[in-house]
Amino acid sequence: MSVRTRFAPSPTGYLHIGGVRTALFNWLFARHHGGQFLVRIDDTDQQRHVDEAVTKILDGFRWLGMDWDEGPEVGGPVGPYFQSQRHHLYRAAADQLVASGHVYRDYSTDQERAADKALADKEKRPYRFRRKEYTAAELAQFESEGRRYALRFQVPAGRVLVLNDLIKGPVEFSTEEIGDFVIVRPDGSPLYNFASVVDDLGMQITHVVRAEEHLSNTFPQLLVFEALGAPLPAFAHIPYVAEPGSRSKMSKRKLAEYEKQGILVYLHQYMERGYLPDAMLNYLSRLGWSFDASQEIFTRPELIEKFSLERVNSSPASHDQDKLFWIQSEWMKSLPLEEKVAGCLPFLEREGVVHTPVDAETCSRIEAVIQALGDRLKVFSDIVKLGRYFFSETMTYDPDAMKKRLKKDGVPQMLRELDQVLAEVEPYDLATLEKVVHDYSEQSSRKIGDVVNPLRVATTGQGVGPGLYDCLYILGREKCRARIAQTLETLAQLEQKG
RNA sequence: GGCCCCGUCGUCUAGCCAGGUCUAGGACACGUGCCUUUCACGCACGCAACACGGGUUCGAAUCCCGUCGGGGUCACCA
């Protein structure tokens, strides 16, 4: 039988790192075995359904290149793929379980249950709902008055259930720990532990790979599979993702705090910043999984080939932005120039310094800048921070660089001389530029650094950047001279102010 | 609180199932140095962990028990 996995998000908002990783493991496992990966939207609780959220999740998958064989937008033979549209299937399964006696009508009221629970708490024993025995007369009465009831699963007493989890290993759980649980509300809507089983069964899921918060939930689900007379899928429970530098789980409540610390926990935040899908995929796969003692960089095909659930860690992993950043830089290094250009373009456009469609001249300028930037460009959005001054007419000075390189005796005079050098250099190309600046340094008996660094700040405003000659060349003679003039003026003004 | 899962450098991890080859390996981050016009890259070196306590054994990171810590679950949430 072909392997079938599924990712079943509740459409409440953006996907965070942990959720994406769970989906990825499902996808990798399915692809590794040449099986199918399905997406199902778990929206049994209507309040959880946010239309936009489904699109956001799918956009994230598309961006990562995680294709789904069945699910929203693509359909499939065992749909619908929204739980909210599968009520007839839950109804049928519930009817079957009522008929087989596994499920009964529970007429209890909120007040009764609250009282039972309070009593249990008071006696310091765990509260477990158990079937209440009613007389025939009482039942008749309930029915005649149209009293509402929930459908509950009657949990067998005194059994020990065993789950052979692919990641956690064998786990035992006594049915004494499980209260009779509701599978259908009085209004007919199904609950997760029931709907999930009906769907996994109906969709012929062979491997349920999901977050470990579901580990305890698995046992009631096991009972439902059994009652339905269905074969069990295999289960693999993946540990949670902890916040950076900690073993504590990432919490939605701490979102504001993460933001303040510059910690990004949502996939879309990385998409927006210009990370590479391949890098993200690589990072996510290594978070809680390893192939051997040394390999860090994996291509997509390698991941599919080498992934296995056996090598997923059973303990939590914490999100490590530094590692992600490093993997990203590794992938960026090997990205072809034209793809870098394509990736940077949206950021330049948003910044308003180039306009699409770009003409040939602008395009080659972008190429030149990216080439000059080299490995300094780690994520696409860096093009703005690192390369803005190549495109923009105006130049702003980095205060530290200004102080360190320009506010020194003799600098204005040197800049005037260098301006003359630039005015006369012919041809205005990389090699000649380098030669004349070196010659100038020798003739004026200045250390090369004392020439290059002020000139860099005078023409780019920044203390760091690509090699100076690259900068001078890309900027062009006129712009360089104009900026030197601007710098001299700025320095003169500062001088006056004292 | 009951039950369940988890615990190797700051972080990702190898080693654990089949105890000795582990004075615990790799990577990120960090520190130092080299290269160098800055930064980045690259190279070299360094810092740094078996949560704790018992037991089993000739021998334990590896097996067992306990403690502590983290997480989950006990809903007519998913």
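What you see is a predicted model, and the numbers here were worked out from it, not measured in a lab. Below, chains carry the letters A, B, ... as their sequence lines are ordered, and counting in each starts from 1. Atoms considered below: every heavy atom in the structure, side chains included; atoms not considered: hydrogens, waters and symmetry mates.
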Next on the checklist: For a quick check of understanding: with a heavy-atom distance under 4.0 Å over all strands, which category does A/Arg210 fall into, base, sugar-phosphate or nothing?
Outcome noted: nothing

What one should report as the nearest heavy-atom pair of A/Arg130 and A/Ile178 is NH1-O, 2.9 Å

- [ ] Report yes or no: is the cationic atom of A/Arg105 (NZ for Lys, CZ for Arg) closer than 6.0 Å to the six-membered ring centre of A/Tyr149, at no more than 45° off its axis?
- [x] yes

A/Leu223 CG to B/C74 P, in whole Å, measures 15 Å

Spell out yes or no: do the side chain of A/Asp43 and the base of B/A78 have one donor N/O and one acceptor N/O closer than 3.5 Å? no

Touch class at under 4.0 angstrom, heavy-atom based, for A/Arg113 against every strand present: base

Taken to the nearest whole Å, CG/A/Leu415 to C1'/B/U37 is 15 Å

| query | Using a cut-off of 4.0 Å on non-hydrogen atoms, how would the nucleic acid contact of A/Ser108 be classed: base, sugar-phosphate, or nothing? | reply | base

(Q) Does this structure show an ion pair linking A/Asp292 with A/Lys306, if we count only N-O contacts that are shorter than 4.0 Å? (A) no

Looking at every strand, decide which applies to A/Gly179 at a 4.0 Å heavy-atom threshold: base, sugar-phosphate, or nothing. nothing

**Message:** What's A/His237 touching, base or sugar-phosphate or nothing? Going by heavy atoms closer than 4.0 Å.
**Reply:** nothing

Heavy-atom nearest nucleotide on RNA chain B taken for A/Gly467 and for A/Ser290; more 5' hit belongs to A/Ser290

query: NA contact type, A/Leu468, heavy-atom cut-off 4.0 Å: base, sugar-phosphate, or nothing?
result: base

ask   = Within the structure shown, what part of the strands sits under 4.0 Å from A/Lys124 by heavy-atom distance: base, sugar-phosphate, or nothing?
value = nothing

Report task. Flag the pair A/His207 / A/Phe25 as yes when their ring centroid distance falls below 6.0 Å, and as no otherwise. Result -> no

Rounded to whole Å, CD of A/Gln328 lies from C1' of B/C12 at a distance of 17 Å

Taking any heavy-atom pair under 4.0 Å as a contact, classify A/Pro9: base, sugar-phosphate, or nothing.
nothing

May I ask you to check whether A/Phe61 and A/Phe7 place their ring centres under 6.0 Å from each other? yes

Closest non-hydrogen atoms of A/Ser196 and A/Gln221, given as atom of the first, atom of the second and distance, are OG-OE1, 4.3 Å

| task | Please determine if A/Arg416 and A/Asp419 form a salt bridge, counting it only when a charged side-chain N lies under 4.0 Å from a carboxylate O. | result | no

Problem set entry | Near-ring test A/Trp68/A/Tyr81, centroid separation under 6.0 angstrom | no

Ignoring hydrogens and geometry, is there a side-chain-to-backbone donor-acceptor pair from A/Tyr428 to A/Leu472 under 3.5 Å? yes

Which atoms of nucleotides 3-7 of chain B (N or O only) lie under 3.5 Å from a protein N or O atom, and what are those distances?
residue: B/C3; atom: O4'; partner: A/Glu177; partner atom: OE1; Å: 3.4
residue: B/C5; atom: O2'; partner: A/Lys168; partner atom: NZ; Å: 2.6

Against the side chain of A/Ser318, the closest entry in B/U37, B/U38, B/C12 is B/C12

In whole angstroms, the gap separating P of B/U38 from CG of A/Asp470 amounts to 15 Å

Taken to the nearest whole Å, OH/A/Tyr240 to C1'/B/C12 is 15 Å

note: A/His319, atom NE2; B/G71, atom C1'; distance rounded to Å ~ 19 Å

Check your understanding: Thinking salt bridges, do A/Glu177 and A/Arg128 make one under a 4.0 Å N-O criterion?
Key -> yes

Under a 4.0 Å heavy-atom criterion, the protein footprint on nucleotides 22-32 of chain B, written with B, S and -, is ---BBBSS---

Q: Answer with base, sugar-phosphate or nothing: what part of the nucleic acid does A/Lys447 contact at a heavy-atom distance below 4.0 Å?
A: nothing

From OH of A/Tyr283 across to C1' of B/U13 the rounded distance in Å is 13 Å

Counting any heavy atom closer than 4.0 Å, what does A/Gly465 reach on the DNA or RNA strands: base, sugar-phosphate only, or nothing?
base

A/Ile57 atom CD1 is separated from B/A78 atom C1', nearest whole Å, by 12 Å

From the candidates B/U37, B/A75, B/A78, the one with an atom nearest any side-chain atom of A/Tyr127 is B/A75

